[in-house]
Amino acid sequence: MDVREALYTTRAMRRVKPDPIPADVQARILDAAIRAPSGGNAQSWRFLLVDDPDVKARLAPLYQDAIAKLWQTAYRERLELAAARPDDPESASLLRVQASAQHLADHFESVPLFLLAFARGDPSGGSIFPAVWSAQLAARAEGVGSALTSVLGIFHGEEAMEILGVPPGKGWTMACCVSFGYPSGRWGVAVRRPVQEVAFRNTWGTPVGFEITEPLWQAP
Ligand SMILES: Cc1cc2nc3c(=O)[nH]c(=O)nc-3n(C[C@H](O)[C@H](O)[C@H](O)COP(=O)(O)O)c2cc1C
């Protein structure tokens, strides 16, 4: 796959089929992930693949409680506003993300594979998220969808780490939990605010010098 196609179309793919992901595909995803950069090439990371139904069944209630807490806390105000104005495009987009994220939580146990990423001595996440994103891009190249999630670690990290047997007191923190599965929907180009709204040149606020009205990669 053209690298640009992967970059443009690796969306949060939360609606997936329960079909297992073959071991050779998993191996290619992880082997690509660990090629990513980390500060000083420290590679202070661990990756845990979870496909055991018993482990998923133990994590699922924690994940579901975490997503409920997310709606009640950080997202509460925005969701209330969106519910009051559902036709507003921004509201509609937020409500779509919520429905999709809730779907993942509700179907947690039927997601075939999770990758949990752990980091140590990396408070910014700058040395773990390149590897996580590489895993997602590598999965995309295999036709496997993924969704990076952080709610489990935020609200129930300690309980989840205990279930997963992460050694306590060694400084490991759960950076994220990424779901993987063959998509039930279609791939599409990620919708984002255009470059000129979020990028400057030389000094903050100075126009970057180009206007991009359509994504520069299009499906052939
Ligand atoms: C740091 C980070 C944390 C995220 N946490 C969650 C999460 O807890 N649950 C979830 O469903 N999606 C989560 N996402 C996925 C985002 O919601 C998603 O990337 C964003 O809505 C863009 O989706 P799109 O690529 O399909 O347009 C997270 C993404 C990032 C980068």
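When a ligand or atom number is given, it counts from 1 through the structure's own listing order. Counting from 1, the numbers follow the sequence of the chain as shown.
Scored by the salt bridge (Lys or Arg N to Asp or Glu O under 4.0 Å) test, Arg76 finds Glu80 as partners (sequence neighbours excluded). Qualifying salt bridge (Lys or Arg N to Asp or Glu O under 4.0 Å) partners for Lys69, counting only residues two or more places apart in sequence or in other chains: Asp65. Every side-chain contact (heavy atoms from CB on, under 4.5 Å) that Asp2 has, sequence neighbours left out, goes to Arg4, Glu5.
Ring centers of Phe118 and Phe47: at least 6.0 Å apart, outside the cut-off.
Between Asp24 and Arg28 there is a salt bridge, with a side-chain nitrogen of the basic residue lying less than 4.0 Å from a carboxylate oxygen of the acidic one.
Using a 4.5 Å heavy-atom threshold, the side chains of Pro86 and Leu95 count as touching.
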Short N or O contacts of ligand 1 with protein, under 3.5 Å, listed by atom name?
| unit_1 | atom_1 | unit_2 | atom_2 | d |
| --- | --- | --- | --- | --- |
| ligand 1 | 5 (N) | Ser150 | N | 3.2 |
| ligand 1 | 5 (N) | Ser150 | OG | 3.1 |
| ligand 1 | 8 (O) | Ser150 | N | 3.0 |
| ligand 1 | 8 (O) | Val151 | N | 3.1 |
| ligand 1 | 11 (O) | Arg14 | NE | 2.8 |
| ligand 1 | 12 (N) | Arg14 | NH2 | 3.1 |
| ligand 1 | 12 (N) | Leu148 | O | 3.4 |
| ligand 1 | 14 (N) | Leu148 | O | 2.8 |
| ligand 1 | 17 (O) | Arg14 | NH2 | 2.9 |
| ligand 1 | 25 (O) | Arg11 | NE | 3.4 |
| ligand 1 | 25 (O) | Ala12 | N | 3.4 |
| ligand 1 | 25 (O) | Arg192 | NH2 | 2.8 |
| ligand 1 | 26 (O) | Arg11 | NE | 3.1 |
| ligand 1 | 26 (O) | Arg11 | NH2 | 3.2 |
| ligand 1 | 26 (O) | Ala12 | N | 3.0 |
| ligand 1 | 27 (O) | Arg11 | NE | 3.2 |
| ligand 1 | 27 (O) | Arg11 | NH2 | 2.8 |
| ligand 1 | 27 (O) | Arg192 | NH1 | 2.8 |

